[in-house]
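Here the structure is laid out as structure tokens; the discussion comes afterwards.
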Amino acid sequence: MFGFLKQVGDYTRDAVDAARNLAQGFSVTFDHMKRRPVTVQYPYEKLIPSERYRGRIHYEFDKCIACEVCVRVCPINLPVVDWVMNKATKKKELRNYSIDFGVCIFCGNCVEYCPTNCLSMTEEYELAAFDRHSLNYDNVALGRLPTSVTTDPSVRPLKELVYLPVGEIDPHAVAADRPRAGQLPAQVLETLAPPIKAPTKNEGQSTDDAEDSDA
Ligand code: SF4
Ligand code: SF4
């Protein structure tokens with residue numbers, strides 16, 4: 001009799017444990033059903049890169065003066081500027097220009113310091129290739145106009161999902177006044193405390209004067 005009661009007790013405890021585990025599992029499932037999906041169906045959907053995204057470099061051959069500033073400011077001296085000196089005109093003649101994107105770290109130094117602004121960073125990030133040597137872009141490849149997520153008709157562009165209202169994944173029909181799930185960078189900056197101002201020269205002098213008078 002005692003053995004039977006023990007069996008019933010064990011069975012009941014196992015059943016309660018199983019029900020608790022089941023409830024825990026379903027609570028996680030139901031909790032996730034309320035959340036927004038975070039998966040982008042790449043390559044049919046793509047997130048729009050941020051405005052200052054540092055993607056493939058675009059180069060304008062006609063504006064380049066072969067000064068080689070881009071080479072000097074590059075942390076790995078990467079750009080190859082191929083030029084010859086024209087003895088008649090005493091001017092440099094540019095022959096070729098190349099950047100190897102298999103080595104480039106996309107720091108943007110060359111773009112920042114180029115005196116003629118012939119370099120610019122694009123939002124192009126799909127540079128995968130089967131052969132690493134094909135990542136070495138010459139001036140023709142660098143001069144190709146960049147693709148854009150927003151102008152590609154075969155792609156559905158998505159804004160950063162975190163900025164969309166809860167339950168919304170399609171950014172196109174979202175009214176501007178609907179509350180966002182996350183804060184935009186500008187809104188985050190507004191919430192930060194104002195920077196502490198350095199004392200001006202006059203303020204510093206007046207403090208010194210006050211200390212002198214106290215003494
Ligand atoms: S810094 Fe600009 S202008 Fe000078 S060589 Fe490089 S790309 Fe050409
Ligand atoms: S982005 Fe940076 S690493 Fe790449 S070529 Fe320019 S300076 Fe060099």
Side-chain angles (χ1 to χ4, degrees), residues 38-164 171 182-190 192 195 198:
V38 291
T39 309
V40 175
Q41 302 297 328
Y42 184 88
Y44 311 108
E45 294 178 345
K46 290 179 189 172
L47 288 178
I48 301 169
S50 61
E51 274 178 38
R52 303 184 68 181
Y53 184 80
R54 297 203 296 253
R56 195 261 296 175
I57 293 169
H58 178 254
Y59 169 75
E60 291 171 78
F61 187 88
D62 295 341
K63 283 164 77 176
C64 181
I65 54 173
C67 63
E68 294 191 40
V69 166
C70 52
V71 185
R72 270 175 264 139
V73 296
C74 176
I76 42 180
N77 296 347
L78 184 59
V80 177
V81 189
D82 179 14
W83 56 269
V84 290
M85 180 61 83
N86 186 328
K87 288 183 181 161
T89 59
K90 294 186 179 168
K91 284 186 178 172
K92 288 176 176 178
E93 272 183 15
L94 188 60
R95 294 284 171 86
N96 201 351
Y97 184 95
S98 65
I99 294 177
D100 188 347
F101 289 117
V103 187
C104 176
I105 57 171
F106 299 93
C107 64
N109 266 5
C110 52
V111 175
E112 199 69 34
Y113 286 94
C114 174
T116 60
N117 290 332
C118 61
L119 296 171
S120 57
M121 304 221 86
T122 69
E123 62 177 48
E124 211 174 290
Y125 55 86
E126 291 160 319
L127 300 174
F130 287 108
D131 178 9
R132 69 185 171 90
H133 299 293
S134 60
L135 291 173
N136 193 0
Y137 282 36
D138 65 0
N139 50 274
V140 178
L142 286 169
R144 181 175 53 78
L145 285 177
T147 56
S148 167
V149 171
T150 45
T151 55
D152 187 347
S154 63
V155 167
R156 186 166 175 243
L158 296 180
K159 275 188 193 164
E160 195 67 63
L161 290 174
V162 71
Y163 299 144
L164 293 176
Q183 288 187 315
L184 294 166
Q187 292 169 323
V188 176
L189 283 177
E190 279 172 17
L192 296 178

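Indexing begins at 1, ligand by ligand and atom by atom, following the structure's order. Heads up: numbering here begins at 1 and tracks the sequence.
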Could you tell me whether a side-chain N or O of Thr116 sits under 3.5 Å from a main-chain N or O of Cys64, the two making a donor and an acceptor? no
Between Glu126 and Lys46, is there a side-chain N and carboxylate O pair less than 4.0 Å apart? yes
Students should be able to answer this: which protein heavy-atom is nearest to atom 4 (Fe) of ligand 2, and at what distance? Cys104 SG, 2.3 Å
Please list the nearest protein heavy atom to atom 1 (S) of ligand 2 with its residue and the distance rounded to 0.1 Å. Gly108 N, 3.3 Å
Is the backbone N or O of Val73 less than 3.5 Å from a side-chain atom of Asn109, with the two atoms forming a donor-acceptor pair by type? yes
Considering only residues two or more places apart or on different chains, which pairs with a residue in residues 88-108 satisfy ring-ring contact (aromatic ring centres under 6.0 Å, His included)? Tyr59-Tyr97, Phe101-Phe106, Phe101-Tyr137
Could you please tell me which protein N, O or S atoms lie under 2.8 Å from atom 8 (Fe) of ligand 1? Cys64 SG
Tell me, do Asn139 and Ser98 make a side-chain contact under 4.5 Å, heavy atoms counted? no
So which protein heavy atom does atom 2 (Fe) of ligand 2 come closest to, and at what separation? Cys107 SG, 2.3 Å
Say you draw a straight line from CZ of Arg95 to CG of Asp138; how long is it, rounded to the nearest 0.5 Å? 15.0 Å
Check: Glu123 side chain, Val149 main-chain N or O, donor-acceptor pair, under 3.5 Å: yes
I need the atoms of ligand 1 closer than 4.0 Å to a non-hydrogen atom of Pro115, numbered in the order shown. 1 (S)
Measure the distance from atom 8 (Fe) of ligand 2 to every protein heavy atom, then report the residue, atom name and distance (to 0.1 Å) of the closest one. Cys74 SG, 2.3 Å
Got the closest protein heavy atom to atom 6 (Fe) of ligand 2, with its distance? Cys110 SG, 2.3 Å
Would the distance check show the side chain of Arg54 and the main-chain N or O of Ile105 forming a donor-acceptor pair, the cut-off being under 3.5 Å? no
Roughly how far apart are Leu135 CG and Cys104 SG, rounded to 0.5 Å? 10.5 Å
